[in-house]
2 protein chains.
Amino acid sequence: MSVTIRDVAKRAGVSIATVSRVLNQSKPVSESLRKKIMKAVEETGYRPNAVARSLIHKRTGLVGVIIPEIYNPYFSGLVQGIESIAQQSGYSVMLAVSGKSVEQELEMLQIFQTRQMEGVILASSRWSREHRRWFTQAPMPCVIIGRPAGSLSSVCTAIIDNRKAAYEAVRYLIQLGHRRIGMIRGPKWDRASGEERYAGYRDALREADIPPRRQWVAVREEFQVIDGYQGMKQIAAAKEKPTAVFCACDRIAVGAMQYLEEQGVSVPGDLSIVGFDDEELARIVTPSLTTVRHQPFEMGVQAATMLTEQMLNQQKMGKEAVLPHQLVVRNSTAPPSE
Amino acid sequence: MSVTIRDVAKRAGVSIATVSRVLNQSKPVSESLRKKIMKAVEETGYRPNAVARSLIHKRTGLVGVIIPEIYNPYFSGLVQGIESIAQQSGYSVMLAVSGKSVEQELEMLQIFQTRQMEGVILASSRWSREHRRWFTQAPMPCVIIGRPAGSLSSVCTAIIDNRKAAYEAVRYLIQLGHRRIGMIRGPKWDRASGEERYAGYRDALREADIPPRRQWVAVREEFQVIDGYQGMKQIAAAKEKPTAVFCACDRIAVGAMQYLEEQGVSVPGDLSIVGFDDEELARIVTPSLTTVRHQPFEMGVQAATMLTEQMLNQQKMGKEAVLPHQLVVRNSTAPPSE
DNA sequence: CTGTTAGCGCATTCAT
DNA sequence: ATGAATGCGCTAACAG
């Protein structure tokens, strides 16, 4: 059996209340008893049970975090940012990996609720009516990362302006002189990296009066290197070839470049490539990748900061933090050769 | 106020015991009451409080995980593996990032204990007498990843044979014909990636009767790309140059290659490079990296499996899982040119 | 200053 | 089959 406050009290010859008082320094206790008690604590190796404390105070000191996967540096950056703020605010984080499944996510949200999380951060790409319902009824403050919270007024969000960022990236290609520009995009159910970045791409084309071409847009379900490879393969199969391809993320861009290298297509000589995320990969690949930089770590920090703020005030609010992004020009882009 | 079992009981016109019984299906309850209660649960949106349950059952369903950082794919792979097993065993994961500080880690272990974790997994590089003490007295089963647990008989470990793996990598260089082989190694306080891989390097040299050269060994405190860059710079400053360099990890290898490229040294023409980890980077960098593959995800799975096994049996044990590794030959290595 | 007591929310005896 | 009562480990209000 684990040692309880009662064991300590007995050993020190005092009441449990007195033990509690010295451990929490909640009330003055005579020096003599204090010493006896500390000695008993030492000898028994007593550690107060945080579960019992939580039950009394209705404060668990726990925040729940859900991410679809952790292997992607974007998500691990988020987690690291969240964890650092949580830690320095005295909170512990419960991490759940949803694997992109809506059902899993909802189940985790339920678990977070029964486990009395004081705050919840969700960094997910999927969204459903049940999600919406859950966040509406959730008793604790919540922050959603990476996608607007819709009309939810009691939920904070930390995002970047994906549409604008994508628009700027494609505009840069147009300014270089490109007019035949393709895109390897993410899935339609992914609001941020799927839909919004595609919308930004369309914005830039529209602004330059460039009619969009179906054959130059490949839709992928995942954001892995292989998706870039397959997406580029699909686009390359079109009769007329684009001179530039904007990719929904760096991994896709790398995969695209791998396919092009296999086919003997020179980057950026024959085809320019732009990525998104500026993960470490982007600097290391050859040629180094022109891409959109943003800061997942900082995003996690912001999200956790908004959350702790709400937890302190004991009330939910609906702030939106839009983090900066920036086009980083490297060596995978050049004016078209013709 | 949050809704409790009492509210449900009142609303359904029954005692709290009956509500508890239908929710846990612990005893038969008449169909009529059962329906009334379920209705009351629906209407109130009642969720049982897991904290109160934990207090009764002395089971929190929580496992604590400590990693030094999450940004490195090795650690995120571990976490993903652990999380997947924990989840399917009905446990939730509390994640703590220690930032390599011994004090932080010890504090987290204390927190894990007060928070009544049912199991603890530590993937750390540092070690101290206090660590040892903590694991000896810890009431819950523990698994240490990445380093032998010393003489701790009640702690499981999941490791790879770093020394042998490093030995094989360097032996491969020797078989290619190299005799002037350097190493960019990790810090001395890092048992696995620092000391053991260096020991393996020395083993291979010794076996081939190659005297070690101080100038060809660079010691780095971190495992980042910049460390490889600086380490290679240091080694390149030696009067006589090596023809091959074994690196303690892939990032270091990439950094080394970046320096060499800047200096116009061809890889593998003038100098061969071997990495360690086989992270995604290794396939993508040019030239692609010869490296030692192992499986962090699988390691996390093994660790979590050993942990859940112990938690089920309610007793600690001292198993050791040694996971496989494998040299993957790519394009960064070749016979020496002379 | 110190001890006794009443819960925190729930599961589980023990009665009925 | 159901309800009342006890207690998990601890804190806080109440007495002394």
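Lettering follows sequence order; numbering is per chain, from 1. We use all heavy atoms of the structure for the numbers below, so side chains are in, but hydrogens, waters and symmetry mates are not.
Between A:Asp7 atom CG and D:dC8 atom C1' the separation is 14 Å, expressed in whole Å. Rounded to whole angstrom, the span from the CD1 atom of B:Ile16 across to the C1' atom of D:dC8 amounts to 14 Å. In this structure, the CZ atom of A:Arg53 is 16 Å from the C1' atom of D:dC8, given to the nearest Å. A straight line from CZ of A:Arg6 to C1' of D:dG9 spans 7 Å, rounded to a whole angstrom. For the pair B:Ile56 CD1 and D:dG9 C1', the interatomic distance rounds to 12 Å; values are reported in whole Å. Going from atom NZ of A:Lys58 over to atom C1' of D:dA12 covers 13 Å, rounded to whole Å. Rounded to whole Å, the distance from NZ on B:Lys10 to P on D:dG3 is 14 Å.
Among the protein residues, B:Val14 comes within range of the sugar-phosphate backbone only, with heavy atoms under 4.0 Å from sugar or phosphate atoms but none that close to a base. Backbone-only engagement by A:Leu33 is indicated by non-hydrogen atom pairs under 4.0 Å involving sugar-phosphate atoms exclusively. Contacts of A:Thr4 with the nucleic acid, taken as non-hydrogen atoms under 4.0 Å apart, involve only primed sugar atoms and P, OP1 or OP2.
More than 12 heavy atoms of other residues, nucleotides or ligands shown are found within 6.0 angstrom of NZ on B:Lys100.
Panel note: side chain B:Glu105, backbone B:Ser98; no donor-acceptor pair is recorded below 3.5 Å. A:Glu118 places a side-chain N or O within donor-acceptor distance of the main-chain N or O of A:Thr60, the cut-off being under 3.5 Å.
Nearer to the 5' terminus of DNA chain C, by closest-nucleotide assignment, is the contact made by B:Leu55 (compared with the other of B:Ser26 and B:Leu55). Closest-nucleotide positions on DNA chain D for A:Ala50 and B:Val29 were compared, and the one nearer the 5' end corresponds to B:Val29. Comparing A:Ser32 and B:Ala17, the nucleotide of DNA chain C nearest to each residue sits closer to the 5' end for A:Ser32.
Contact footprint of chain A on DNA chain C: nucleotides with an atom under 4.0 Å from a non-hydrogen protein atom, first to last in 5' to 3' order, C:dC1 to C:dG9.
The side chain of A:Lys27 places no N or O atom within less than 4.0 Å of a non-bridging phosphate oxygen (OP1 or OP2) of D:dA13. Taking 4.0 angstrom as the limit, A:Asn24 places a side-chain polar atom (N or O) nearer than this to OP1 or OP2 of D:dT11.
A:Lys10 contributes atom NZ, which lies 13.0 Å from atom OG of A:Ser15 (distance to the nearest 0.5 angstrom). Rounded to the nearest 0.5 Å, atoms CD1 (B:Ile67) and OH (B:Tyr74) are 10.5 Å apart.
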I would like to know whether B:Ser151 and B:Arg132 meet side-chain hydrogen bond (donor to acceptor under 3.5 Å, both in side chains); could you show each step before the answer?
-> CA-CA 9 Å; B:Ser151 50; B:Arg132 200 177 191 298; 2.3 Å; yes
Give the C-alpha distance, both sets of side-chain angles, the deciding distance and a yes or no for side chain to side chain contact (heavy atoms under 4.5 Å, CB included) between A:Arg115 and B:Leu62.
-> CA-CA 10 Å; A:Arg115 282 194 186 281; B:Leu62 256 34; 3.1 Å; yes
